[in-house]
Structures are given as structure tokens and as C-alpha cells.
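Structure first, then comments.
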Amino acid sequence: MKSFRNQRISRRPLSDLLYEQVLERILSGELAPGASVSEAEVGAMFEVSRTPIREVLIKLGEQGLVDVFPQVGTFIAPIRIDEVTQAAFIRENLECALVREAAGKIDQAGIDALAAILREQEAAQQAGDMARFYQADEAMHARIAEIAGKPRVWRVIQQSKIHVDRVRRLALKQKLKASLVLEQHRRICDALAARDADGAAACMREHLHGVYEFVRKVAVNEMPASGGMKSGTKTGTA
């Protein structure tokens, strides 16, 4: 892939770049639950040797994103309710603490930066560009951590919320969900602009808690796009 070869000019380890590429394909659903991810197939996809691929698959296995069955193969793991709810719990509690601190530290520059991100997200929604919408979503949460003076906490959240992100990407394919996310972001930013710590935390909790409800609906209704979610179950369904 041309884009991947260009990135290899970077001084970062090849395995790190490859991990990001494979992770993005898992989060976006391009590599769907149950899909085979053999070293040979991934190597052909990215034109790299098997050694860095093996490192990436080990890391993804440790994160619960791939299932390895000896003598059978390696497959993209299904979205599991227990993984998602634990990740959502971590994110909800850390981000509510962050937004409280941000409310006490925000200045006009911070308010303006959040307003600009909201405009970008609104433009992405109107254009139907969900990849761009998702990037703006991430940018808003990252900026709140920066305003709070704790950008490293956002990096911890990013590592812990990978399973939540799989659900978020499914949810954002629904235009109604995207509209709801945008409205919730507006309320969070309004509370921050008013320096209302309690209000900002309440809005953030409502926003993030929506993931739990989405997981419940998917588990009950078994969305055709994901083949349903099974708590702690290894399954090859897509």
C-alpha cells in the first residue's frame, strides 16, 4: 500500500506503524469479527516480512482484539460485552474527572478551540463524512484533557477504550447517533464555557454512558452488520 510505504520513511519502528494500520482496520470494521488474519495475508497486504506482523498479532491478542486458535488460525475477535463495559467504565470515570478540572481551568482560548472543533464536527456530519466526524470527536476529548492540564490521562484513556471504539464506530454509521453525539458535545462545551464543573461532568457522563445502552441494544437485537455481541464468547460470526 502506497500510504503505508510512505509512512515507513518515519524513524518509528515498523511494528508500531503496522500495528496502527491493522488496528484502524479492526476499529473501522474493514477487518470484521471472524475475519482471518494470517501472517502471510497481512504480509501481502502491507508488503512486509512476517517478523513485525507476528509482533503486531501478539500485541492485538494481548488486547483481546484477535483470537488465536492453535492449529486452526488467528481471527479478529468478536465485540464482547464484558470487554466493552469495563473499558467504558474506565473511560467514563476518568473523563468525568478531567472535564471537572477543565471547567476550573478553561480560558477564552480553550473555549474558542472547542468551538472550532464543534464546527468541524458539524461540517463533517452535514457532509456525511463519518471518518472526519470521528477524528473531530477524538480531538474534542483530547482538547478537554489538555485544558485540564492532563494530556497524559487522555493517552491512558486511548489505550483502555479500544473496545469502546469498536462500538462507537458501529454507532456512528447511524446518522441519528451522530446527531445525538453532536448535541451532547455542544452541551458539554456550553457547560465548560460557563465554567460549570457539575454540569460539565453530568453532560459528559450522559454522553459516555450512551455506549452502555448501545451495547445492550446490539446484544438484544443482534445487528446484522456485526453479527451480534456475545459476552466472553469466541465466535467466528461477522
Side-chain angles (χ1 to χ4, degrees), residues 27 81-219:
L27 296 180
I81 295 176
D82 56 349
E83 296 276 13
V84 174
T85 54
Q86 288 187 63
F89 178 87
I90 293 169
R91 182 180 187 186
E92 182 178 321
N93 283 278
L94 286 178
E95 287 219 58
C96 285
L98 280 176
V99 81
R100 279 184 175 279
E101 292 215 18
K105 296 179 178 179
I106 196 166
D107 56 14
Q108 191 58 48
I111 293 171
D112 292 344
L114 291 175
I117 293 171
L118 279 176
R119 289 194 296 272
E120 166 66 12
Q121 193 165 38
E122 184 173 17
Q125 188 217 6
Q126 292 174 348
D129 188 341
M130 289 299 100
R132 181 179 162 198
F133 185 94
Y134 179 80
Q135 289 172 354
D137 186 300
E138 292 286 283
M140 195 203 81
H141 289 276
R143 181 54 64 96
I144 289 172
E146 290 175 7
I147 292 169
K150 292 179 169 58
R152 289 181 62 187
V153 175
W154 173 246
R155 291 195 286 273
V156 170
I157 292 169
Q158 282 185 301
Q159 287 299 311
S160 66
K161 72 184 182 72
I162 290 174
H163 294 280
V164 174
D165 286 343
R166 296 182 78 185
V167 179
R168 287 173 66 208
R169 297 290 276 269
L170 281 174
L172 289 177
K173 291 178 181 179
Q174 303 177 29
K175 291 185 178 180
L176 288 176
K177 177 65 176 177
S179 297
L180 175 61
V181 167
L182 187 56
E183 178 56 33
Q184 290 172 338
H185 280 183
R186 288 194 189 102
R187 293 201 291 267
I188 292 168
C189 291
D190 286 346
L192 283 170
R195 296 172 176 82
D196 178 1
D198 289 341
C203 289
M204 181 66 80
R205 193 172 299 279
E206 177 188 5
H207 171 53
L208 297 177
H209 198 70
V211 173
Y212 288 105
E213 181 62 18
F214 183 74
V215 170
R216 187 190 67 79
K217 288 180 179 179
V218 174

**Prompt:** Is any side-chain heavy atom of Ile111 less than 4.5 Å from a side-chain heavy atom of Arg195?
**Reply:** yes

**Message:** So Asp137 and Leu182, do their side chains get closer than 4.5 Å, heavy atoms only?
**Reply:** no

**Request:** Write down the atom of Met130, the atom of Ala124, and the distance for their closest heavy-atom approach.
**Result:** CE-O, 4.4 Å

**Request:** Rounded to the nearest 0.5 Å, what's the gap from NE2 on His209 to CD on Glu92? Could you check?
**Result:** 6.0 Å

**Closest heavy-atom pair and its distance - Ala139, Ile117** = O-CD1, 3.7 Å

**Prompt:** So do Glu95 and Ile90 actually touch side chain to side chain, heavy atoms under 4.5 Å?
**Reply:** no

**Complete:** Value for CZ (Arg91) from CE (Met204), rounded to nearest 0.5 Å, stands at 7.5 Å

**Prompt:** Which value, rounded to the nearest 0.5 Å, describes the distance between Arg155 atom CZ and Ser160 atom OG?
**Reply:** 13.5 Å

**Message:** Ignoring hydrogens, what is the shortest heavy-atom contact between Ala197 and Ala103? Give both atom names and the distance.
**Reply:** CA-CB, 3.6 Å

**Message:** Using only atom types and a distance under 3.5 Å, with no angle test, would you say the side chain of Asn93 pairs donor to acceptor with the backbone of Phe89?
**Reply:** yes

**Request:** Check whether any side-chain heavy atom of Glu138 lies under 4.5 Å from a side-chain heavy atom of Gln158, and answer yes or no.
**Result:** yes

**Complete:** Separation between CZ (Arg132) and CD (Gln121), nearest 0.5 Å, reads 10.5 Å

**Request:** Taking all heavy atoms of Cys96 and all of Ala201, pick out the closest pair and write down the distance.
**Result:** SG-O, 3.7 Å

**Asked** Between Val84 and Val164, what is the shortest heavy-atom contact and its length?
**Response** O-CG2, 3.7 Å

**Prompt:** For the residue pair His141 and Trp154, does the interplanar ring angle fall in the parallel (under 30°), tilted (30 to 60°) or perpendicular (over 60°) class?
**Reply:** parallel

**Prompt:** Looking at CG of Leu94 and CG of Leu208, how far apart are the two atoms once the value is rounded to the nearest 0.5 Å?
**Reply:** 10.5 Å

**Request:** Report yes if some heavy atom in the side chain of Arg186 is under 4.5 Å from a heavy atom in the side chain of Glu183; otherwise report no.
**Result:** yes

**Set of residues satisfying side-chain contact (heavy atoms from CB on, under 4.5 Å) with respect to Ala102, sequence neighbours excluded** = Ile144, Ile147, Ala148, Leu192

**Note: Glu83-Arg166 ion pair, threshold 4.0 Å (strictly below)** = no

**Complete:** Here the pair of heavy atoms bringing Ala191 nearest to Gly199 is CB-C, 3.9 Å

**Message:** I need the full list of salt bridge (Lys or Arg N to Asp or Glu O under 4.0 Å) pairs touching residues 97-111, with sequence neighbours left out, sorted by first then second residue.
**Reply:** Arg100-Asp198, Glu101-Lys105, Glu101-Lys150

**Message:** Between Gln86 and Asp82, is there a side-chain donor-acceptor contact under 3.5 Å, judged purely by atom types and distance?
**Reply:** no

